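Structure first, commentary second.
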Amino acid sequence: MKILLTGGAGFIGSHTAVELVNEGYEPIIIDDFRNSKSFVIENIEKIIGRKVVFHCTDIGDQEKISSIIKQEKPVGIIHFAADKAVNESVKNPLKYYHNNIVNLIKLLSVIDKHNIDSFIFSSSCTVYGSPSFIPVNEKTPIQPAFSPYGYTKQVGEKILTDFFKTKQQTSLTMLRYFNPIGAHPSSLIGELPLGVPSNLVPYITQTAIGKRKELTIFGNDYNTADGTCIRDYIHVVDLARAHVLSLKNKHSYNNIYNVGVGNGKSVLEVVHSFEEINNLKVNYQFGERRDGDVPEIYADNHLIKTELKWEPIFSLKEALHHAWAWERELKSKYKIG
Ligand code: UFG
């Protein structure tokens, strides 16, 4: 069964392509490498041991997307293609409204003319804003978004819900990702941040390898045990598996699932776990709080565990070990770093 992956050469898309093949699906990857590199496709092929179908196309090009759908006839679509940096979205909101909302509407206009069994959307725990109780479950009231990026995910969920109400033959699943980290255990695919990383784990690995002088931990005066923010870090392969299980899900036609491991780790705990598992030291200092950071959020993942029988396989330490192996691979093989 063919599954179309928009943004399939990205961090989560590439790992999902591999997991789809492991479960007997045929991924059809669309990407224009604006946030990735062409070697990702070659490395997906190394992992799966064969060629993968790939189209180098801008997701906003409706004519091309339409002809790819006509030609490939996918039964499902997983829509990863979007921008995802919270800070950047504050500085350049129109880029986010265009790439995350206008392009979503363009994609839906194309698939309106085709029959698709499943549509899976990359949503984010950012839709919860700063929640009044933790852990958050799927019924936790949505708060005003902290950033244009967060707002695009809230609006995206609404657009999809309204659109698929008119298409009862398609099962819609919106996965609210918590903090994806790590890399494939083969060290062939992983995260490829452009420029200075804004996310914690790539900043840690780039500091450990010497590309960055020092990690700044944004705030140590939060009302948490060690004063640093708490997040729910999930291995990217576990997150990828949630997409495959969503395709198999015949539970209902409109599904929302939190995808997180269900416990919170502080920034300092992540740094110390990284040091311990990889037997090295990371230079860090404490800095000011970062605008837009919520003090604490982690998932109630009961729903996805019961309905999709999803369980995370990898621990935080394994994820940090894989992230470090990937960073070294980037430096030695691709001279990135
Ligand atoms: N952090 C640092 N120093 C850094 C980078 C991050 O201390 O150099 C801290 C942040 O302040 C935060 C934690 O590490 O407390 C995690 O930060 P990330 O940037 O890795 O992740 P966020 O939780 O801010 O963002 C992630 C995703 C977004 C998503 C958001 C929802 O990257 O796409 O979760 O909360 F929208």
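Everything numeric here is computed off the predicted structure, so don't read it as measured data. Counting convention: from 1, in listed order, for ligands and their atoms alike.
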Does anything in residues 56-65 form a side-chain hydrogen bond (donor to acceptor under 3.5 Å, both in side chains)? List the pairs, not counting sequence neighbours. Arg34-Asp58

Got a list of side-chain donor-acceptor pairs under 3.5 Å for residues 190-205, not counting sequence neighbours?
unit_1	atom_1	unit_2	atom_2	d
Thr205	OG1	Val201	O	3.4
Thr205	OG1	Pro202	O	3.1
Thr205	OG1	Glu327	OE1	2.7

Compute both the distance and the angle, then confirm whether Arg289 meets the cation-pi test with Tyr222: under 6.0 Å from the six-membered ring centre, within 45 degrees of the axis. yes

Sort out the contact shell of ligand 1: every protein residue with a heavy-atom distance below 4.0 Å, listed by chain and number. Lys84, Ser124, Cys125, Thr126, Tyr149, Asn179, Ser198, Asn199, Leu200, Tyr203, Leu215, Thr216, Ile217, Phe218, Cys229, Arg231, Tyr233, Val267, Arg290, Asp293

Do the rings of Phe39 and Trp326 sit parallel, tilted or perpendicular, given the 30° and 60° boundaries? tilted

For residues 126-136, please give each side-chain donor-acceptor pair under 3.5 Å, one per line with the distance, not counting sequence neighbours.
unit_1	atom_1	unit_2	atom_2	d
Tyr128	OH	Asn137	O	3.3
Tyr128	OH	Arg176	NH1	3.0
Tyr128	OH	Asn258	OD1	2.6

Tyr25 with Ile77, same ILVMFWY side-chain cluster at under 4.5 Å: no

